[in-house]
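Here is the structure we will look at.
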Number of protein chains: 2
Amino acid sequence: MASAAGREQNRDKNIKINLENKELWQKFHAIGTEMIITKSGRRMFPTFKCSLEGLDPHAKYILLMDLVPLDDCRYKYHNSEWVVTGKAEPHMPGRLYIHPDSPASGSHWMKQPVSFHKLKLTNNNLDQNGHIILNSMHKYQPRIHVVQANDIFTMRWNSFNTYAFEETHFIAVTAYQNEQITQLKIDHNPFAKGFRDNGMGRSRVDVLHCRDHRLHMKRPSISMDPSDKTSHDLSGTAPTSK
Amino acid sequence: MASAAGREQNRDKNIKINLENKELWQKFHAIGTEMIITKSGRRMFPTFKCSLEGLDPHAKYILLMDLVPLDDCRYKYHNSEWVVTGKAEPHMPGRLYIHPDSPASGSHWMKQPVSFHKLKLTNNNLDQNGHIILNSMHKYQPRIHVVQANDIFTMRWNSFNTYAFEETHFIAVTAYQNEQITQLKIDHNPFAKGFRDNGMGRSRVDVLHCRDHRLHMKRPSISMDPSDKTSHDLSGTAPTSK
DNA sequence: GTGATTGGCACCTAGGTGGAAACG
DNA sequence: GACGTTTCCACCTAGGTGCCAATC
């Protein structure tokens, strides 16, 4: 059941919302979730996924997500711990991410879990791509809004049904601070598979140790050209580690 | 302007439609366009792209595409020519491909060309993926429908505005018959770049001539294992062509 | 035997990862 | 200096190509 933040008044008492990948979120939450933000925009991991019940199957709904500051502090990772370093930077006007299926019928939203994997976070205050703008080293709480409306223009603010799951809050960073968070991301995000230690000692780190620092490993093309130096580059000795 | 098929009565005389990539379509049309159909579904190339004018910017429209049999014949490619071999197979009930932006406002559809690149063709009569089912070796004419409606359920058949561009018709095939069509696809479809002759004599065909027929060219991984046989496989002599 | 179809594959496009070094 | 940010890159996922051999 939804561990929804209590301060939101839910207009439609019939709607039930459930965080799908709660276990994964809780693994991160127990350590202190961090989300990378970049100029060009970065996805969240874990992805926010939820299932819905109690919508009117024939009515139309728009689903949105936003990120609200969790407190008024700026943080810093010091001695393996997050500590407050001062007052928060001014929060940019909070953008709304509209789920791309919107608008859709209640039956559409209920027939399978809804994923917000395409949502992207940025630290670029001038972003033109519609990504959600955050301040680095600040805490944020994701919220989902379920709004019965035929289109964006007829949405009424007083018809928002807003939910938040406490275990999804995070600190925005430009580089991971806590190594345990990095490792959880590598272990569970399929796009980071290249950084997994595969157990046979052939980890990416081993490869990097064998690289000259200026060696650019292009995929070797099939070459009959004797001047092709691809294989020579691979035989280089390991550089002295700095 | 639209060389629309004459037999469709257009309810809304204000709507103007233009085939965007007409030159490319005409290159194929001059030779005899073929489209591959597969069990899992294959995209069309060229992609059907059009620009629209004369819609009500504030009204909602649904855009659809379907493929209708061009005649009642089954064809065969014989002596570098398409010839009729008999009567057509029964046509499956024609599925409609709904453009994924639907429903959207007139201004949305008009602000940039509309692409149907995600439409897929299949020869699987039992297809469950919503792809358009065609018979191989039959001729088809793509048609686009512009329908003012708020959603799929309130669409009225008498409000369809249907257009067809003669140069987009094609023969469905399971393997290309005309070599010139294959070459045009390779030259213009970015996903087929691997088959282009890059001008330096290093074409994919050269590589294939150097392959033993059972050689599976994995991307060489960085291997310190002396038993790795990747490079040996490449030194095989050219097989006698069958 | 002939002709059409299928499945596997190398080779692409397109784009999401964290690492490392450079930058501020 | 210390620390936060940026950029580039190898390495992935995901999936669209025509070719080829096998199959029907």
Side-chain angles (χ1 to χ4, degrees), chain A residues 34 36-45 47 74-78 85 117-118 120 122-124 135-137 172-177 179 181-196 198 203-205 207-209 211 213-219 221-222 241-242, chain B residues 34 36-45 47 74-78 85 117-118 120 122-124 135-137 172-177 179 181-196 198 203-205 207-209 211 213-222 239 241-242:
Chain A
E34 302 174 23
I36 296 273
I37 56 180
T38 67
K39 207 175 159 185
S40 59
R42 198 78 150 191
R43 291 186 177 179
M44 287 172 53
F45 189 88
T47 296
R74 183 194 170 87
Y75 289 82
K76 166 180 185 173
Y77 196 69
H78 192 68
T85 59
H117 64 277
K118 285 196 172 172
K120 283 191 175 182
T122 183
N123 58 346
N124 180 11
N135 289 318
S136 187
M137 301 306 196
V173 295
T174 58
Y176 291 127
Q177 304 294 312
E179 269 188 8
I181 288 297
T182 311
Q183 199 55 50
L184 268 182
K185 301 251 184 180
I186 289 172
D187 288 345
H188 293 92
N189 189 333
F191 288 110
K193 194 180 252 183
F195 297 97
R196 288 182 197 163
N198 64 13
S203 74
R204 192 173 189 278
V205 175
V207 175
L208 289 170
H209 280 185
R211 291 204 326 175
H213 64 288
R214 291 205 325 146
L215 168 59
H216 300 303
M217 278 291 303
K218 295 291 184 195
R219 284 199 181 87
S221 56
I222 301 160
S241 74
K242 183 191 95 58
Chain B
E34 302 173 24
I36 296 272
I37 56 180
T38 67
K39 206 174 158 186
S40 59
R42 198 77 150 193
R43 290 186 177 179
M44 287 172 51
F45 190 88
T47 295
R74 183 194 171 88
Y75 289 83
K76 167 181 186 175
Y77 196 68
H78 193 68
T85 59
H117 64 278
K118 285 195 172 173
K120 283 190 175 182
T122 183
N123 59 344
N124 179 11
N135 289 317
S136 187
M137 301 305 192
V173 295
T174 57
Y176 291 127
Q177 304 295 313
E179 269 189 8
I181 289 295
T182 310
Q183 199 54 51
L184 267 182
K185 301 251 183 180
I186 289 172
D187 288 345
H188 293 92
N189 189 334
F191 289 110
K193 193 181 254 185
F195 298 97
R196 289 182 197 164
N198 65 12
S203 74
R204 193 172 187 279
V205 175
V207 174
L208 290 171
H209 280 187
R211 289 206 324 175
H213 63 288
R214 292 205 320 139
L215 168 60
H216 300 304
M217 278 290 304
K218 295 289 183 197
R219 284 198 182 89
S221 57
I222 302 163
S241 74
K242 182 191 99 57

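No hydrogens, no waters, no symmetry mates; every other heavy atom, side chains included, goes into these values. All values reported here derive from a predicted model rather than from experimental measurement. Below, chains carry the letters A, B, ... as their sequence lines are ordered, and counting in each starts from 1.
- Per the geometry, NZ belonging to B:Lys76 stands 16 Å off C1' belonging to C:dT5, to the nearest Å.
- Residues B:Glu34 and B:Gln177 meet the side-chain proximity criterion, which asks for heavy atoms closer than 4.5 Å.
- The distance from atom CD1 of A:Ile181 to atom P of C:dT17 is 15 Å, rounded to the nearest whole Å.
- Considering every non-hydrogen atom in both A:Ile36 and A:Ala175, the closest pair reads CD1-CA, 3.8 Å.
- Across the interface with DNA chain C, nearest-nucleotide mapping of A:Ile186 and B:Thr174 shows B:Thr174 to be the residue nearer the 5′ end.
- Nearest to the side-chain atoms of A:Phe191 among the listed nucleotides C:dG18, C:dA4, C:dG16 stands C:dG16.
- Spacing between atom CG of B:Asp187 and atom C1' of C:dC12 amounts to 15 Å, rounded to whole angstrom units.
- The listed nucleotides are D:dC12, D:dG4, C:dA4; the one nearest the side chain of A:Lys193 is D:dC12.
- The backbone N or O of B:Lys39 lies less than 3.5 Å from a partner atom in the side chain of B:Asn123, making a donor-acceptor pair.
- Checked against side chain to side chain contact (heavy atoms under 4.5 Å, CB included), B:Thr122 has the following partners two or more places apart in sequence or in another chain: B:Asn124, B:Asp127, B:His131, B:Ile133.
- Atoms CD1 (A:Ile36) and C1' (C:dT17) sit 10 Å apart, rounded to a whole Å.
- Regarding B:Leu184, its CG atom lies at a distance of 14 Å from the C1' atom of D:dG18, rounded to whole Å.
- Residue A:Lys185 has no polar side-chain atom (N or O) positioned under 4.0 Å from OP1 or OP2 of C:dT17.
- Close to D:dT6, at under 4.0 Å from its OP1 or OP2, lies a side-chain N or O of A:Asn123.
- Every residue two or more places apart in sequence or in another chain that forms a side chain to side chain contact (heavy atoms under 4.5 Å, CB included) with A:Phe191 is listed here: A:Arg43, A:Asn189.
- In this structure, B:Arg42 CZ and B:Thr174 OG1 are separated by 11.0 Å, a value rounded to the nearest 0.5 Å.
- Residue B:Met137 has its side chain nearest to C:dA4 when only D:dT17, D:dC12, C:dA4 are considered.
- Within the 4.0 Å cut-off from OP1 or OP2 of C:dG16, at least one side-chain nitrogen or oxygen of A:Lys120 is found.
- With rounding to whole Å, A:Glu179 atom CD is found 13 Å from C:dG18 atom C1'.
- At whole-Å resolution of the value, OH in A:Tyr77 and P in D:dC3 are 14 Å apart.
- Contact check, B:Asn189 against C:dT13: no side-chain N or O comes under 4.0 Å of OP1 or OP2.
- Remark: C1' of D:dC19 and CD of B:Gln177 are 14 Å apart, rounded to the nearest angstrom.
- Listed by residue number, the members of residues 37-45 of chain B with any heavy atom below 4.0 angstrom from DNA chain D are B:Arg42, B:Arg43.
- Which of C:dA10, C:dG18, D:dC3 sits closest to the side chain of B:Phe195 comes down to C:dA10.
- Counting only distance, with no hydrogens or angles, the side chain of A:Lys185 and the backbone of A:Tyr176 share no donor-acceptor pair below 3.5 Å.
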